[in-house]
Amino acid sequence: ISICRDLPNIEVITFSVNGISDLEPLRRCQNLSELYLRRNNITSLDELFYLKALPRLRVLWLAENPCCGPDPHRYRMTVLRNLPSLQKLDNQAVTEEELSQALVDGVEIAAPPARRSVENGWSESSASSAAGAATEPRSELLGCSLEETNKTQEDLDMKPVPRDKYSFSLQEADCSCKKRNNVLNAILLLMKELDAEGLEIIQQTVVRRLQAFQKKELQEE
């Protein structure tokens with residue numbers, strides 16, 4: 001997610017089911033208001049240290065990460081103590097009572113996480129992420145990416161993607177399905193950074209690509 005260092009104006013990021021373990025690149029996204037990180041490989045709540053620098057963050061989805069631990073209450077209280085401006089955590093609204101209780105039950109995070117050593121180009125977190133990705137059900141990958149892609153498109157005043165458009169992806173390899181959906185999410189998010197001239201260039205490029213695909217299909221027939 002190092003690309004986020006170059007996107008200071010981005011407002012919504014969806015990175016669910018991506019094996020992410022390091023949130024440091026997000027600290028420069030000062031306009032970020034919604035962040036979706038469900039089912040990644042974030043092992044420590046110390047990663048919240050980097051999100052504390054985001055003044056506009058109001059929605060965070062962090063559930064189903066190793067950092068959530070066995071105690072849901074302690075996890076939620078710690079997140080809210082360090083990010084008291086959140087209005088919704090893991091798709092549940094944050095209440096004033098919870099924010100007050102978080103000052104008592106939550107743990108204050110005052111330093112960034114310590115990084116583990118890397119051997120043979122792979123850290124332990126990377127290996128765990130790869131193992132998790134290999135066993136990830138295709139239906140789960142489809143469900144989360146389609147849901148969040150549709151949300152991004154709604155933000156851009158675009159029509160949601162019909163589920164049948166993704167039906168063929170269930171017959172493809174998991175990595176190919178995940179890669180395509182991630183690329184689609186990235187393109188939709190980056191479009192929000194473009195002005196009218198940039199969007200016109202994108203439109204012209206898309207038209208040419210579609211014409212090339214149509215020509216290829218006719219030749220094959």
Side-chain angles (χ1 to χ4, degrees), residues 1-118 123-126 128-129 132 144-145 147-148 151-152 155 182 185-186 188-190 192-193:
I1 62 174
S2 59
I3 189 176
C4 293
R5 295 191 180 99
D6 300 320
L7 300 172
N9 295 321
I10 197 167
E11 298 178 3
V12 179
I13 294 178
T14 61
F15 278 149
S16 294
V17 196
N18 271 284
I20 292 169
S21 59
D22 177 10
L23 301 185
E24 187 277 333
L26 300 176
R27 67 190 308 175
R28 299 187 184 181
C29 302
Q30 293 294 298
N31 288 330
L32 188 63
S33 63
E34 298 184 27
L35 177 60
Y36 300 89
L37 295 168
R38 187 174 67 92
R39 298 200 72 166
N40 277 285
N41 196 43
I42 301 169
T43 59
S44 172
L45 286 176
D46 289 345
E47 295 290 338
L48 295 175
F49 176 81
Y50 301 118
L51 304 185
K52 294 173 70 172
L54 307 180
R56 300 185 180 182
L57 187 62
R58 296 294 181 267
V59 176
L60 174 64
W61 198 331
L62 195 59
E64 300 177 80
N65 275 276
C67 65
C68 298
D71 188 342
H73 176 75
R74 182 178 178 83
Y75 151 72
R76 190 172 176 88
M77 292 295 99
T78 296
V79 174
L80 294 181
R81 175 164 183 172
N82 290 276
L83 302 174
S85 296
L86 287 181
Q87 297 175 355
K88 183 179 289 188
L89 172 61
D90 296 337
N91 209 32
Q92 295 183 9
V94 175
T95 65
E96 291 294 334
E97 292 76 9
E98 284 184 309
L99 292 175
S100 299
Q101 191 64 36
L103 296 175
V104 178
D105 296 344
V107 177
E108 179 70 23
I109 297 173
R115 300 298 177 200
R116 287 173 287 187
S117 60
V118 177
S123 67
E124 293 178 27
S125 60
S126 297
S128 300
S129 170
C144 76
S145 58
E147 173 187 349
E148 290 161 358
K151 186 185 187 308
T152 303
D155 294 337
N182 289 345
N185 273 327
L188 294 175
L189 289 170
L190 290 171
K192 298 179 69 175
E193 302 292 322

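Numbering starts at 1 and runs along the sequence shown. Since the structure is predicted, the reported quantities are computational estimates derived from the model, not experimental observations.
Ser16 has its side chain out of reach of Arg39: every pair of non-hydrogen atoms, C-beta onward, lies at least 4.5 Å apart. No side-chain heavy atom of Ile1 sits under 4.5 Å from any side-chain heavy atom of Asn18. With contacts defined as side-chain heavy-atom distances shorter than 4.5 Å, the pair Tyr50/Pro113 qualifies. Contact check for Leu89 versus Tyr75: side-chain heavy atoms found under the 4.5 Å cut-off.
The backbone N or O of Val107 lies less than 3.5 Å from a partner atom in the side chain of Thr78, making a donor-acceptor pair. Side-chain N or O atoms of Asn40 include one that pairs as donor or acceptor with a backbone N or O of Ile20 at under 3.5 Å. Between the Ser33 side chain and the Glu11 main chain, a donor and an acceptor come within less than 3.5 Å of each other.
For the side chain to side chain donor-acceptor pair (under 3.5 Å) test, residues two or more places apart in sequence or in another chain that qualify with Arg5 are Glu24. For Gln30, the side chain to side chain donor-acceptor pair (under 3.5 Å) test picks out no residue, with sequence neighbours left out. Applying the salt bridge (charged side-chain N to carboxylate O under 4.0 Å, His left out) rule to Arg58 yields no partners; only residues at least two apart in sequence or on another chain are considered. Not counting sequence neighbours, the partners of Asp105 by the side chain to side chain donor-acceptor pair (under 3.5 Å) test are His73, Gln101. When the side chain to side chain donor-acceptor pair (under 3.5 Å) test is applied to Arg56, the partners found at least two apart in sequence or on another chain are Asn31.
Contacts classified as salt bridge (charged side-chain N to carboxylate O under 4.0 Å, His left out) and involving residues 72-92 (residues at least two apart or in different chains) are given here: Arg76-Glu98, Arg81-Glu108.
Counting heavy atoms of neighbouring residues, nucleotides and ligands inside a 6.0 Å radius, atom CG of Leu103 exceeds 12 of them.
Here the straight-line distance linking atom CG of Asn65 with atom OG of Ser21 works out to 10.0 Å at 0.5 Å rounding.
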